[in-house]
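Written below as structure tokens is the structure these notes are about.
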Amino acid sequence: MIRDELAILLEKAAIEAQRSNLLPPIAMPEIVLERPQNPEHGDYASTLPLKLARAARMDPLIIAQSLVNLIQRPKEIERIAVASPGFINFSLRSDWLTAQVEAILSAGAQYGNIDLGKGARVQLEFVSVNPTGPLHVGHGRGAILGSTLADVLASSGYEVVKEYYINDAGSQMDAFYRSLYARYQQALGRDAPMPTEGYFGDYMIDIANEIIAEEGERFLDKPEELGERGAAKVIAAIASDLELLGVTFDEWFSEQSLFEQGQYDKAMSLLSEKGYTVEKEGAVWFSSTALGEDKDNVLVRSDGSPTYFASDLAYHYNKFIERGFERVIDIWGADHQGHVSRMKAVIGALGIDPERLQVIISQMVTLKRGDAIIRASKRTGEMITLRELVDEVGVDACRFFFLSRSADSQMDFDLELAKRQSADNPVYYVQYAHARISSILRLAEERGIDFGGGDVSLLTSDPELALIRKMLQLPEVMELVAMTLEPHHLPYYATDMATIFHNFYEKCRVISDDRALTGARLKLVAAARIVLARTLHLMGMSAPEQM
RNA sequence: GUCCCUGUAGCUCAGUGGAUAGAGCAACUGCCUUCUAAGCAGUGGGUCGUGAGUUCGAAUCUCACCAGGGACGCCA
């Protein structure tokens, strides 16, 4: 990227300035180039002189001037200017800008890819809801976040594995089994009480009836098999809901398999070898207070059964040590916040750098219908499912809406508002830009215009150059999202692209009597379509040809 | 009580320690004989929760306080 080249050149200039005593030998901060808000300040700006001024005891303007004198101006740059109180502003050459249209066209659907990851293997775990019931809207948020992040990381040079961790062991699964068995017996006319900690949603009755319709009464004395059958149905339903949203996984990882394949035993013995387990009150604890945690955590209960924490420990042992992932990213709901620090602590105890695990906490989604807040509770079964949300709002709007908010902020989702405003939804604003472009290219095709020989150097007006400038930001946005793990920058970029395109559309007629200009603008528009479609696809949205 | 997230325009939300704090929706004013008006151009709207501090410079960093949400279990 040109931005990185400029940073390197600037650093060289600074070193050169120190060598020739124009700058004292002070420590050099990391050099970052920013995008100025005001276009009059050029395409990129550096505040290096301002940052150096204090330590150097010099006027930042004088530092800026020295650096500008020393910097080797690359061919892409038209002008390097000093601005008060100590900025260095870089402006791109317009002929270089227009040439990038050709570069985008030849990159095609690959345009925007970067090599940040250099092939590093990343495991991305998300959704991972207990298979005890249907997904609700909060799960949808994590699902969309994860699938988008996976696409961005894969486009940024990482080798990504998307995984769903199935909690098919443990006490909640047990409650599910017992609930289903009760519903099954009830459906067959027997008097069976629901467990108090059971799942009371109507879907449990549906599952029981389905199993009866398919296989009759044969599970009456086989509650375990019934439970497995029921869980398989729930998992299949979850998978199909996610697929509806465009979310898929490379691996569905079973918690049970950790026990069956020795991962749990290996992880636990490694932990005790390292001296971080202790027995007290009949249970086995992770002595996390030794690592600065507030309290110790139980790994094995006094009845001998492992806790969720213990199997998650085994899972992460498997990710890092058995499978050797360099990085692991987990996306958890806000209710798992307290799990983060002990998970990092236990990984550290296993001898793995905790920095290699990144946990994204996706905050709560509150669902509203008008003024009425809908409380979601899986136990009572009062909830709006993810599927219902997608049916009402649509996949594209759903994805765009969820992606537009940073994972850190909790969000209100008003169903009535989302439906009522559907025609004004920003999603259509972006897609409309794509449809307009497609329409122009369709007309060109109908008229048999071949713009392969179009001369992009004819693109010199402000709306044209502004469009090119915005298109060139896609790799920067890709890098930003990949580094911060914040996909919410994508919808904002998409909206910017659409705005600038719509503006161009108003001011610049593409297909006209001027054949040369028509050819050049068709190339520009074709490149803009590549960028818009790419951005939409990264968000998991469709790029409609017409609307 | 401890920990985490949030507090920015009427509403929903962006905002990598830098230049005049932005977008969408809502309100108001204009613009369709020409590739899609699901569009464009413009107007109004702000003690960036409060108060200190660090800095040449703070919405952004630190501390305290206020408000909302979440977590503090041998549940997951």
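Numbers restart at 1 for each chain; the letters A, B, ... are given by sequence-line order, proteins then strands.
The phosphate of B:rG73 has OP1 or OP2 within less than 4.0 Å of a side-chain N or O from A:K295. Within the 4.0 Å cut-off from OP1 or OP2 of B:rG15, at least one side-chain nitrogen or oxygen of A:H488 is found. Here A:Y428 does not reach the OP1 or OP2 of B:rA38: none of its side-chain N or O atoms lies under 4.0 Å away. The shortest distance between the side-chain N/O atoms of A:S341 and the OP1/OP2 oxygens of B:rC3 is not below 4.0 Å. For A:R301 and B:rA76, the shortest distance from a side-chain N or O to OP1 or OP2 is below 4.0 Å. Checking the phosphate oxygens (OP1, OP2) of B:rA76, no side-chain nitrogen or oxygen of A:S128 falls inside 4.0 Å. Side-chain nitrogen and oxygen atoms of A:S171 include at least one within less than 4.0 Å of the OP1 or OP2 phosphate oxygen of B:rA76.
The residue among A:F401 and A:Q410 whose nearest nucleotide of RNA chain B lies closer to the 5′ end is A:F401.
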request  = At under 4.0 Å between heavy atoms, which parts of nucleotides 17-22 of chain B does protein reach? Answer with one letter per nucleotide, 5' to 3': B base, S sugar-phosphate only, - none.
outcome  = -BBB--
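No hydrogens or angles were tested; on distance alone, a donor-acceptor pair under 3.5 Å links the side chain of A:S302 to the base of B:rC74.
For A:H502 and B:rA38, the NE2 to C1' distance is 8 Å, given to the nearest whole Å. In this structure, A:K507 places its NZ atom 11 Å from P of B:rC40, rounding to the nearest Å.
Geometrically, A:R436 does not engage A:F501 in a cation-pi contact defined by less than 6.0 Å to the ring centre and at most 45° from the axis.
Helical stems in RNA chain B, defined as runs of 3 or more consecutive Watson-Crick or G-U wobble pairs with both donor-acceptor distances under 3.5 Å, are listed by first residue as B:1-7 with B:66-72, B:10-13 with B:22-25, B:27-31 with B:39-43, B:49-53 with B:61-65.
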